[in-house]
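Only one structure is covered here, and it is reproduced in the block below.
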Amino acid sequence: MRLDRYLTLCDLGTRREVKELIASGRVSVAGLTVLNPGAAVDGPVTLDGESVDYRPLVAIMMNKPAGLLTATTDRRQGTVLDLLPPRDRRREPAPVGRLDKDTTGLLLITDDGQAAHALISPKSGVEKRYRALLDKPVDQSDVEAFAQGLRLSDFEALPARLEPGEGCVAYCTVHEGKFHQVKRMFAARGRKVLALHRERVGSLWLPDTLAPGEYAYLDMDTWNRLRGEAGLGPWKE
Ligand code: URA
């Protein structure tokens with residue numbers, strides 16, 4: 001593949017912009033500076049000494065910090081997309097489902113719209129596990145009520161797993177993600193959620209190494225595993 005095409009596929013700019021990068025001597029192939037945009041990519045590519053890799057899709061797991069909206073843009077408030085570098089934003093990825101502004105934890109962001117849709121659909125049954133800090137501890141009657149499915153004002157929540165933690169902490173696993181769902185389920189049992197953190201989506205746990213506001217790129221095997229859990233085949237370009 002030609003170097004200029006490769007760099008555009010790496011989201012480093014338009015064909016004209018990457019030609020300028022090459023002409024300015026900032027790009028190397030296999031350790032040698034290359035000034036010809038038509039040169040073949042026959043070794044590892046670097047820009048300003050940093051390795052450049054071609055990612056066929058954007059699949060990111062973020063530890064969403066409190067205070068940012070789960071949206072692609074907002075005129076007044078910061079969004080989770082603001083944390084991504086321009087090269088990833090250029091692909092127009094979107095958050096998978098929505099965490100409230102004050103909710104923290106695992107948020108997937110992707111330009112794989114098919115997977116995004118399947119991962120949040122209640123039909124696919126992909127689990128989402130939350131850790132909640134409540135104003136009062138839960139008890140066995142709450143565990144049973146969650147397991148039966150709670151009637152909320154406008155819908156009936158599907159059966160969910162509630163596990164009491166230490167003190168006022170509880171863990172709740174749901175298969176759907178309606179607006180304020182977990183907070184409203186606890187409210188239906190007379191508890192107020194003081195802090196909510198998503199720990200897991202499907203088989204993917206948020207690693208402890210990812211601090212609030214940090215994110216990591218998922219590899220294709222992990223992404224295809226999540227796609228499989230959502231009832232989809234492997235990703236195809
Ligand atoms: N349920 C909620 O109430 N809020 C979230 O952010 C996620 C699930």
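Counting starts at 1 for both ligands and their atoms, in listed order.
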- Applying the 4.5 Å side-chain criterion to the ILVMFWY set and letting contacts propagate, would L84 and Y217 be lumped into a single cluster?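 Same cluster.
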- Message: Any nitrogen or oxygen of V182, side chain or backbone, less than 3.5 Å from one on ligand 1?
- Response: yes
- If we only count N/O pairs under 3.5 Å, is H180 in contact with ligand 1? yes
- Item | Geometric cation-pi criterion K178 and F155, 6.0 Å radius, 45° cone |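 K178 over F155 ring: yes.
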- Message: Would Y130 count as a contact residue for ligand 1, given that I'm defining contact as a non-hydrogen atom of the residue lying under 4.0 Å from a ligand atom?
- Response: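 Y130: in contact with ligand 1 (<4.0 Å).
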- Message: Under 4.0 Å between a side-chain nitrogen and a carboxylate oxygen: does that hold for K183 and D100?
- Response: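 D100 and K183: salt-bridged.
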- Message: Strictly below 4.0 Å, N to O, side chains only: are E163 and R129 in salt-bridge contact?
- Response: yes
- Message: At less than 4.0 angstrom from any non-hydrogen atom of T103, what atoms of ligand 1 do you find?
- Response: 4 (N), 5 (C), 6 (O)
- Query: Which atoms of ligand 1 sit under 4.0 Å from any heavy atom of K183?
  - Reply: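 Those of ligand 1 that fall under 4.0 Å from K183 are 2 (C), 3 (O).
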- Message: Using a 4.0 Å heavy-atom cut-off, which part of D100 comes near ligand 1: side chain, backbone, both, or neither?
- Response: both
- Query: What do we get for V174 next to ligand 1 when only non-hydrogen atoms under 4.0 Å count, side chain, backbone, both or neither?
  - Reply: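 V174 to ligand 1: no contact under 4.0 Å from either part.
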- Message: Testing the 3.5 Å rule here: is there a donor-acceptor pair between the side chains of D112 and W223?
- Response: yes
- Tell me, yes or no, whether the heavy-atom count around R2 atom CZ, taken from other residues, nucleotides or ligands under 6.0 Å, exceeds 12.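 It does: R2 CZ has more than 12 such atoms within range.
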